[in-house]
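Below, each value reflects all heavy atoms present in this structure, side chains not excepted, and no hydrogens, waters or symmetry copies. What you see is a predicted model; the values in this text were computed from it and never measured.
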Amino acid sequence: MKYMHTLIKVKDLDRSLAFYQDVMGMVEVRRMEREPLGGFTLVFLAADGDVESANSATFAPTVELLYFKDEKLREQHASTAGHLAYRVDNIYDACHDLIDKGVPLIRPPRDGMTALFGTPDAMKVEFVSMERQTPCEPWLSMKDTDFWF
């Protein structure tokens, strides 16, 4: 398992970017626009000293900002708490291990790549597989048990 990033939900993307870039000295290394759920933007930031590895296959630890374009979703999910993300060798093996230990999945790895689960303190943790696995059962039929951001 390798640490990847911490997701933080933001209410004002420009204001948050100004803080992380101008105050913290972080650098934007990647931006993704997504359409599900009314649309959202993900911005990945790295500390100035980690920028080179953040652009490589090893991907340095970063902060991931999540901005919902839909105002109702921003209000509904107003908590800034997001999740911690870790890379794992095999998403299915990692999820079997969690289930064997009695940890319920919030978002099963239906895509063969990512899964989320909760800690005892309700913090969410994301596992991302080093390589996408072929989507299969029982994961394909499993439903989300909570909102997974």
Side-chain angles (χ1 to χ4, degrees), residues 1-17 19-20 24 26-47 50 53-149:
M1 180 169 58
K2 182 177 180 178
Y3 173 77
M4 289 178 61
H5 62 258
T6 299
L7 179 134
I8 301 168
K9 293 181 253 180
V10 300
K11 297 175 185 173
D12 182 326
L13 184 58
D14 293 332
R15 184 173 179 217
S16 294
L17 280 172
F19 173 80
Y20 286 99
M24 300 290 296
M26 299 183 89
V27 177
E28 182 175 329
V29 293
R30 190 170 71 183
R31 183 180 291 236
M32 298 166 60
E33 301 289 337
R34 298 285 194 231
E35 291 310 314
L37 306 169
F40 57 90
T41 301
L42 297 170
V43 178
F44 294 85
L45 302 161
D50 291 331
S53 60
N55 289 312
S56 74
T58 58
F59 204 76
T62 63
V63 171
E64 177 185 13
L65 303 180
L66 167 62
Y67 173 74
F68 288 108
K69 295 176 183 177
D70 182 86
E71 188 174 344
K72 287 182 183 177
L73 275 174
R74 276 197 310 275
E75 291 174 15
Q76 182 182 358
H77 303 285
S79 165
T80 57
H83 65 255
L84 301 173
Y86 293 88
R87 281 204 186 276
V88 295
D89 290 332
N90 181 298
I91 194 68
Y92 296 145
D93 291 345
C95 288
H96 277 298
D97 188 47
L98 290 170
I99 291 169
D100 288 348
K101 293 176 180 173
V103 178
L105 298 177
I106 292 170
R107 182 193 181 281
R110 288 186 300 273
D111 61 357
M113 190 75 180
T114 59
L116 263 81
F117 59 97
T119 70
D121 299 304
M123 183 67 185
K124 293 176 182 170
V125 179
E126 176 184 33
F127 276 176
V128 179
S129 191
M130 293 291 281
E131 293 184 25
R132 185 177 302 276
Q133 308 299 307
T134 302
C136 63
E137 295 297 343
W139 315 108
L140 283 170
S141 300
M142 288 184 177
K143 304 290 183 211
D144 293 352
T145 60
D146 193 1
F147 190 75
W148 49 275
F149 282 113

- Task: Applying side-chain contact (heavy atoms from CB on, under 4.5 Å), run through Glu35 and Lys69 and close with a yes or a no.
- Result: CA-CA 9 Å; Glu35 291 310 314; Lys69 295 176 183 177; 4.2 Å; yes

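Applying the side chain to side chain contact (heavy atoms under 4.5 Å, CB included) criterion to Asp97, with sequence neighbours excluded, gives Lys101. Every residue two or more places apart in sequence or in another chain that forms a side chain to side chain contact (heavy atoms under 4.5 Å, CB included) with Arg31 is listed here: Leu13, Leu17, Glu28, Glu33, Thr41, Val43. By the side-chain hydrogen bond (donor to acceptor under 3.5 Å, both in side chains) test, Ser141 pairs with Glu137, sequence neighbours left out. Applying the side chain to side chain contact (heavy atoms under 4.5 Å, CB included) rule to Tyr86 yields the partners Met1, Tyr3, Leu84, Val125, Phe127; only residues at least two apart in sequence or on another chain are considered. Taking Asp111 as the reference, Arg107, Met113, Thr114, Arg132 meet the side chain to side chain contact (heavy atoms under 4.5 Å, CB included) condition, with sequence neighbours excluded. Qualifying side-chain hydrogen bond (donor to acceptor under 3.5 Å, both in side chains) partners for Tyr67, counting only residues two or more places apart in sequence or in other chains: Arg74. Under the side-chain hydrogen bond (donor to acceptor under 3.5 Å, both in side chains) criterion, Asp89 pairs with no residue at all, not counting sequence neighbours.
Scanning both residues, Ile91 and Val128, for their nearest heavy atoms gives CD1-N, 4.4 Å. Across all their heavy atoms, Gly112 and Pro135 have their closest contact at N-CG, 4.4 Å.
Separating the OH atom in Tyr20 from the CG atom in Leu45 is a distance of 8.0 Å, to the nearest 0.5 Å. Interatomic distance, NZ of Lys124 versus CZ of Phe117, reported as 12.5 Å (0.5 Å rounding). Atoms SG and CG, from Cys95 and Leu116 in turn, are 9.5 Å apart once rounded to the nearest 0.5 Å. One distance of note links CE of Met32 with CG of Leu66; it measures 11.5 Å at 0.5 Å rounding. Atoms CG and CZ, from Asp144 and Arg110 in turn, are 4.0 Å apart once rounded to the nearest 0.5 Å. In this structure, CD in Glu64 is found 8.0 Å from CZ in Arg30, a value given to the nearest 0.5 Å.
Between Tyr92 and Trp139, the ring planes lie parallel to each other; the angle is under 30°, not in the 30° to 60° tilted range.
Taking the side chain as every heavy atom from C-beta outward, Glu75 and Phe68 never approach each other to under 4.5 Å. Annotation: side chain of Thr145 is not in contact with side chain of Leu105 (no heavy-atom distance under 4.5 Å). No side-chain heavy atom of Pro104 sits less than 4.5 Å from a side-chain heavy atom of Leu98.
When atom types are taken as modelled, the side chain of Ser129 and the backbone of Glu131 share a donor-acceptor pair closer than 3.5 angstrom.
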